[in-house]
Amino acid sequence: MGNSKSNRGLSPSPKFTVEAQYRSAIGVDVHRDLLVCCYQEHNPEKNEILTEMANFGTKCSQLMEFAQWCANLSPDVIIMESTGVLWRSPYEALESVGFTNKQLALVNARDVKAAVGRKTDAEDAKRLATFARLGTIKRSFVPGKLFRDMRLLARLYKKTVDNFARTKNRYNKILNSAGFRASSVFSDTNGKAAQILLDAFVFGSKEDQAVALNCRAVKRLKASPEEIQDALNATCNPVILELLRKVKADIDSQRKLADEYMSMLRQAQAPYEHCIELLVRIPGIKETSARLIFAELCDNIGEYFPDAEHFASWMGICPGNNVSANKSYSGKSAKGNKWIRAALTECANGIALSRRGSLYKRFLGYKAQRGHKRAIVAL
């Protein structure tokens, strides 16, 4: 008994037990002024990992030097985090030297997050390279450069429209604080007739006010001329009048800027008008919404998503999974593409406000079961 020997632990074990999907990879930790790169390659003869580190700046010449360094190493895959918009310039530099979207992988930072206390730039780059070699990465959807430029235009248009709406609300608040009760006689203080009267009473003379009250557009209003004059005949401080002029000019400027952005987006999407026409055929989607939606996608979207379920998950308009111990709990929707989700939500709200059609009846059914907000997402 005492001389018996156990074979446990005596047999040689391989150094690496996980099969790597790629032989070589480059991980890039992207910063505003610095790219920290790690190249890893598996040497099958010695069964070891060869590692090379390099740092590059982010100026144009330095980006080309970085792209050439990657091209000389010829890795199977290059991975980087989607850090805001900072990834775009190194990504496009790599595209310029021949790398395709199959070789370039953009990942969400939450999927490759480092453990607390183990984060440095070099460690981040090594970790990215290791994840890339093993193939345990969830690639982000990255369309072609033309569609990335469309995204910039569409998102800038949406932000300008949002600023335009906020400035209009600010203008109405200043009017109310100065004593001009426009909302009591106008259903829409930004309508054509309302703007004619407001300009006349706030900035014009008595003659301008009389002319405005006799305007054809004003005569269609439900409020009588006496009611309108009583609501708008306020005395205002000259400083507040100047402030109203500034805000009004800001509204006009933002409206013009939004129209220019949409014109540029139409020009960029001119080769894809057939796709826009197909989107407009969907009930509830008009031209502007169709252009904003298409700018977030591409003309060959089926090549990036295997089925409609994955596509809906990417947009963030489907329920999440929350199952533990064979028990299902309420699952929040995933954080998808907020821009396309906002456009679709706006279209669904339009259907809900239209109060007609088969989709409106379906919305009422969802609303009775789950409430207004969840019914909008379901629609």
Report task. Assess whether side-chain contact (heavy atoms from CB on, under 4.5 Å) is satisfied between Leu344 and Leu379, documenting all intermediate values. Result -> CA-CA 9 Å; Leu344 292 172; Leu379 190 62; over 6 Å; no
Report task. Evaluate the criterion side chain to side chain donor-acceptor pair (under 3.5 Å) for residue pair Asp250 and Ser253; output intermediate values, then yes/no. Result -> CA-CA 5 Å; Asp250 193 17; Ser253 173; 5.1 Å; no
[X] with [Y]: basic N within carboxylate O range, under 4.0 Å:
{"X": "Arg133", "Y": "Glu41", "result": "no"}
{"X": "Lys248", "Y": "Asp252", "result": "yes"}
{"X": "Arg291", "Y": "Glu273", "result": "yes"}
{"X": "Lys145", "Y": "Asp149", "result": "yes"}
{"X": "Glu95", "Y": "Arg148", "result": "yes"}
{"X": "Glu123", "Y": "Arg127", "result": "no"}

Requested in this report: Test side chain to side chain donor-acceptor pair (under 3.5 Å) on Asn169 and Arg166 and set out the steps.
Outcome: CA-CA 5 Å; Asn169 292 336; Arg166 279 192 289 268; over 6 Å; no
Any heavy-atom pair between the side chains of [Y] and [X] that's under 4.5 Å?
{"X": "Leu63", "Y": "Cys60", "result": "no"}
{"X": "Lys158", "Y": "Trp339", "result": "yes"}
{"X": "Leu279", "Y": "Glu287", "result": "no"}
{"X": "Arg151", "Y": "Pro143", "result": "yes"}

**Report entry** From CA spacing to verdict: side-chain contact (heavy atoms from CB on, under 4.5 Å), Tyr304, His310
**Finding:** CA-CA 10 Å; Tyr304 293 91; His310 284 81; over 6 Å; no
Query - Pairs where residues 255-283 contributes a residue and the test ring pair (Phe, Tyr, Trp, His ring centres under 6.0 Å) is met, not counting sequence neighbours - result: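 Of all non-adjacent pairs touching residues 255-283, those that pass ring pair (Phe, Tyr, Trp, His ring centres under 6.0 Å) are Phe147-Tyr272, Tyr272-Phe294.
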**Report entry** Pairs satisfying ring pair (Phe, Tyr, Trp, His ring centres under 6.0 Å), at least one member in residues 180-209, at least two apart
**Finding:**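 Not a single pair qualifies under ring pair (Phe, Tyr, Trp, His ring centres under 6.0 Å).
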Query raised in the report: Is it the case that Glu346 and Asn349 place a side-chain donor and acceptor less than 3.5 Å from each other?
Result: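 Result is no, nothing qualifies.
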Side chain of [X], backbone of [Y]: donor and acceptor closer than 3.5 Å?
{"X": "Arg139", "Y": "Leu106", "result": "no"}
{"X": "Ser313", "Y": "Glu309", "result": "no"}
{"X": "Ser289", "Y": "Ile285", "result": "no"}

**Report entry** CA sep, side-chain torsions, deciding dist, call: Asn172, Thr189, side chain to side chain donor-acceptor pair (under 3.5 Å)
**Finding:** CA-CA 8 Å; Asn172 290 331; Thr189 56; 3.1 Å; yes
Is there a path of hydrophobic side-chain contacts, each under 4.5 Å between heavy atoms of I/L/V/M/F/W/Y residues, joining [Y] to [X]?
{"X": "Val112", "Y": "Met53", "value": "no"}
{"X": "Leu364", "Y": "Ile376", "value": "yes"}
{"X": "Ile276", "Y": "Leu265", "value": "yes"}
{"X": "Val280", "Y": "Ile293", "value": "yes"}
{"X": "Leu50", "Y": "Ile78", "value": "no"}

Query raised in the report: Less than 6.0 Å separating the ring centroids of His372 and Phe363?
Result: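 For His372 and Phe363, the ring centres are under 6.0 Å apart.
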Query - Parallel, tilted or perpendicular: rings of Phe305 and Trp314 (30°, 60°) - result: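 Aromatic pair Trp314/Phe305 classed tilted.
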**Report entry** Audit row: His31, Asp33, side chain to side chain donor-acceptor pair (under 3.5 Å) steps and yes/no
**Finding:** CA-CA 6 Å; His31 299 273; Asp33 301 319; over 6 Å; no
Query - Residue pair Asp76, Gln103: steps toward the side-chain contact (heavy atoms from CB on, under 4.5 Å) verdict - result: CA-CA 6 Å; Asp76 296 331; Gln103 297 169 285; over 6 Å; no
Query raised in the report: side-chain contact (heavy atoms from CB on, under 4.5 Å) between Phe56 and Val36: does it pass, once the steps are laid out?
Result: CA-CA 7 Å; Phe56 298 93; Val36 181; over 6 Å; no
Requested in this report: Output all residues satisfying salt bridge (charged side-chain N to carboxylate O under 4.0 Å, His left out) with Glu260, sequence neighbours left out; order by chain, then residue number.
Outcome: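 Listed in chain order: nothing, the list is empty.
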